[in-house]
Every structure is written in structure tokens, then in C-alpha cells.
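To keep things clear, I will list the structure first and then write my remarks on it.
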There are 2 protein chains.
Amino acid sequence: MARTRHRSLDCSPGCAVEATLQLIDGKWKGVILYHLLAEAPEPEGALRFNAFRRRMPNVTQRMLTNQLRELESDGLVHRTVYAEVPPRVEYRLTERGRSLEPVIRALKAWGDAHAAMAPEVAA
Amino acid sequence: MARTRHRSLDCSPGCAVEATLQLIDGKWKGVILYHLLAEAPEPEGALRFNAFRRRMPNVTQRMLTNQLRELESDGLVHRTVYAEVPPRVEYRLTERGRSLEPVIRALKAWGDAHAAMAPEVAA
DNA sequence: CATGACGGTATCCTTTTCGACACTATGGGC
DNA sequence: GCCCATAGTGTCGAAAAGGATACCGTCATG
């Protein structure tokens, strides 16, 4: 279902912007990354599958799996499976993922500052 | 064709991230904003329709119109039509649009730093 | 007269994304 | 025996996004 993005890389200089954008677009990735950056409990910040679900009640399992898998295959999060009896899977940011922090924070800051989504509401 | 985004605003705290993201996703908006921020010639930085087309040869007219209209209706760019004989239309950032500069710069910086899109290429 | 630049529209179609819903295996608690 | 939790997968279908192509009116140029 996914991974048709990353197709051309043809745009001239604003390309870098688009490239970054392509990694974090997709409806839930921003929030996932934000939660991993800001809300993960332990210092190395891991979250489990259902921890995400509790934080984002409107995401279906399928979508959550999907977005996490895409983030993983983009090298932004790492997935650790513990072969335990109640299955346990932890997600944490990779170095590459953590390096997105300024981006996420900029997005968050702007969203907070221009609180609403519609300009007329903000005005 | 557009404007079904901005639907719920239901997510908890990472919401601001998503909200910002929704304004600048869409295949070409990042590049458009980048060009307006970085490449527009005059101090107040206006670009004309075909100036965009020259900078982004792979965008169809329809898509360009579309993305510009969405940016306009999100209050990020302003569209000025000069009732002249060869029609002239200029696009420039609004205040709100200019306030996205840190975001765009963060996106650009990350994209430049982690140059390629695929992690294995970057590594 | 034909062509091109300007700034778009209109129409059609394909791809991509998203959501709903059901289903899986395992083990523990009641 | 039944239901809960864990972390998913599979299938279906609707909707949205995006691309291809053709067309519009005006004026200047060749």
C-alpha cells in the first residue's frame, strides 16, 4: 500500500523541503514522531503499540501499523520485538529520527502560535 | 477537488504538529513556499504563475493552480490580479505565510543535511 | 494568417490514501 | 468455557489526490 512515494527527486532547489516533507506526511506520522519525541516516558523514549493507540484514539490499527512501518522503513523509528508470551513491541526513534526534532518542534511551535487551522479563526 | 482537509482537529497534544502539516502537505506546496521565501526577486518577493512553472517544470498547470489556490484559501499566500492586457498575476506571501519561514527552513535544513531521501542512500 | 505568451479551466482517468470491519494466535483471569 | 489483552493482518470500498490532455480569450510578433 505504501512506498510509492520517493519517486523522482526531480525538483530543483526546494527539493530538500519536499524530500523532508515526504518523510513526515501521511496523516499520523507527525503525531507519532511528536509523541516519541515529547511524551515517551523513559529517557530513550520507547512507546508500545497500544500506547500509541491510547494517545491517538482515532487511528485504526491498520493505519497505525502502516505508518509505523513506513517510519521504520524510512529509518526514522526502530522496532524492537520481544519474543514474550504477551507479545511486546517497542518503538523508539533512531538517530536519524531524533534529528528531526527541530523540524517537529518548528511544526509544533507554529501550530501552537497560529492556534487554529483556518486563517479566519486565527485572525 | 480540495478542501476536505481540516476536518476534525481531534488529536490530543501532537495536534498542532498535524495542523501545521496539513497546511503544507500536498506534493508542491512546500516547494512553492520555499520559492516564495527564498527565490523571489524583489524584497517583498512576488512570483508570477509562469515563474513558478519555470522553477518547477514537472508541475502541471492544473496542479499549480490548485496548490496556489489552496495556499491562498489557507491564508498563506496572496494573489494579486492586474487587469492588464497580457494578464498578470502575482503571488506573494502573507504575514501568516511568512511566519512559516522557520518551518520551511527547518525542513530545508534537514533535507540538506540528510541529503538523500532513502536512509540506505544517506548511510 | 499562424504562433506564442499569459493565466488559467474543464474533463477524464489512475493512483494513493484512508477508514471500517473482521480475523489471527497466545496465554491469563474469572 | 469465555473474555480480556497483546500486536498485529486481510479484505473491501470510498474518497481524495494527482496526472494527462485539451481548451479558452487576448494581444503581440513573425
Side-chain angles (χ1 to χ4, degrees), chain A residues 1-11 18 21-32 35 46-74 77-92, chain B residues 1-11 18 21-32 35 46-74 77-92:
Chain A
M1 156 170 296
R3 302 292 88 191
T4 319
R5 285 108 49 58
H6 304 343
R7 22 186 179 254
S8 49
L9 184 45
D10 39 17
C11 49
E18 264 304 313
L21 229 26
Q22 288 193 345
L23 295 181
I24 61 183
D25 80 355
K27 194 77 194 290
W28 302 109
K29 291 197 198 166
V31 203
I32 290 175
H35 284 302
L47 283 177
R48 301 177 58 176
F49 190 81
N50 280 356
F52 282 114
R53 299 202 54 199
R54 276 186 286 274
R55 280 164 178 77
M56 306 143 67
N58 300 319
V59 194
T60 62
Q61 291 165 309
R62 202 179 71 80
M63 276 312 294
L64 182 54
T65 306
N66 232 310
Q67 305 279 287
L68 285 168
R69 290 302 207 285
E70 288 192 19
L71 289 171
E72 188 192 2
S73 87
D74 282 332
V77 313
H78 183 250
R79 179 165 176 270
T80 317
V81 185
Y82 297 89
E84 297 176 0
V85 156
R88 183 160 63 102
V89 178
E90 285 185 350
Y91 294 91
R92 44 174 50 94
Chain B
M1 157 169 291
R3 300 294 86 191
T4 317
R5 285 109 47 57
H6 305 341
R7 21 189 182 250
S8 45
L9 184 47
D10 39 17
C11 47
E18 263 304 313
L21 230 26
Q22 288 193 345
L23 295 182
I24 61 183
D25 80 355
K27 195 76 195 290
W28 303 108
K29 292 198 197 166
V31 203
I32 290 175
H35 283 304
L47 283 177
R48 302 178 56 176
F49 190 82
N50 280 355
F52 283 114
R53 300 235 303 152
R54 276 184 287 275
R55 281 166 178 76
M56 304 144 68
N58 300 319
V59 194
T60 61
Q61 291 163 310
R62 199 180 75 81
M63 275 314 292
L64 183 54
T65 306
N66 231 309
Q67 305 279 287
L68 284 169
R69 291 300 207 286
E70 290 192 18
L71 289 171
E72 188 191 3
S73 86
D74 282 332
V77 312
H78 183 251
R79 180 166 175 269
T80 316
V81 184
Y82 297 89
E84 296 176 0
V85 156
R88 183 160 64 102
V89 179
E90 285 184 350
Y91 295 91
R92 46 174 48 93

So if I take every side-chain heavy atom of A:M63 and compare against C:dA20, D:dG19, C:dC18, which nucleotide ends up nearest? C:dC18
Contact class for B:Q67 vs. all strands (heavy atom < 4.0 Å): base, sugar-phosphate, or nothing? sugar-phosphate
Tabulate atom names and distances for all N/O pairs under 3.5 angstrom spanning the protein and nucleotides 4-11 of chain D.
from	atom 1	to	atom 2	distance (Å)
D:dT6	OP2	A:N50	ND2	2.5
D:dT6	O5'	A:N50	ND2	3.1
D:dT6	O3'	A:R48	NH2	3.1
D:dT6	O3'	A:P87	O	3.0
D:dA7	OP1	A:R48	NE	3.0
D:dA7	OP1	A:R48	NH2	3.0
D:dA7	OP1	A:V89	N	3.4
D:dA7	OP2	A:N50	N	3.2
D:dG8	OP1	A:R79	NE	3.4
D:dG8	OP1	A:R79	NH2	2.2
D:dG8	OP2	A:Y91	OH	2.7
D:dG8	N7	A:Q61	NE2	3.0
D:dG8	O6	A:Q61	OE1	2.9
D:dG8	O6	A:Q61	NE2	3.4
D:dT9	OP1	A:R69	NH2	3.0
D:dT11	O4	A:R62	NE	3.2

Which class fits the ring pair B:F52 and B:Y91: parallel under 30°, tilted 30 to 60°, perpendicular over 60°? perpendicular
A:N50 vs A:R53, test: side-chain contact (heavy atoms from CB on, under 4.5 Å). Steps then yes/no. CA-CA 5 Å; A:N50 280 356; A:R53 299 202 54 199; 3.5 Å; yes
Between A:K27 and C:dG19, is there a contact of a side-chain N or O with OP1 or OP2 at under 4.0 Å? yes
Rounded distance in Å - [atom1] ([X]) to [atom2] ([N]):
X	N	atom1	atom2	value
B:L64	D:dA20	CG	P	15 Å
B:N58	D:dA20	CG	P	9 Å
A:N66	C:dA20	CG	P	15 Å
B:K29	D:dG18	NZ	C1'	13 Å

Working for side-chain contact (heavy atoms from CB on, under 4.5 Å), residues B:L47 and B:R55: CA-CA 10 Å; B:L47 283 177; B:R55 281 166 178 76; 3.9 Å; yes
Apply side-chain contact (heavy atoms from CB on, under 4.5 Å) to A:D74 and A:K29, showing your working. CA-CA 12 Å; A:D74 282 332; A:K29 291 197 198 166; 4.2 Å; yes
Sequence neighbours excluded, which residues qualify as salt bridge (charged side-chain N to carboxylate O under 4.0 Å, His left out) partners of A:R69? none
Applying side chain to side chain contact (heavy atoms under 4.5 Å, CB included), can you list everything that pairs with A:V81, at least two apart in sequence or on another chain? A:R79, A:V89
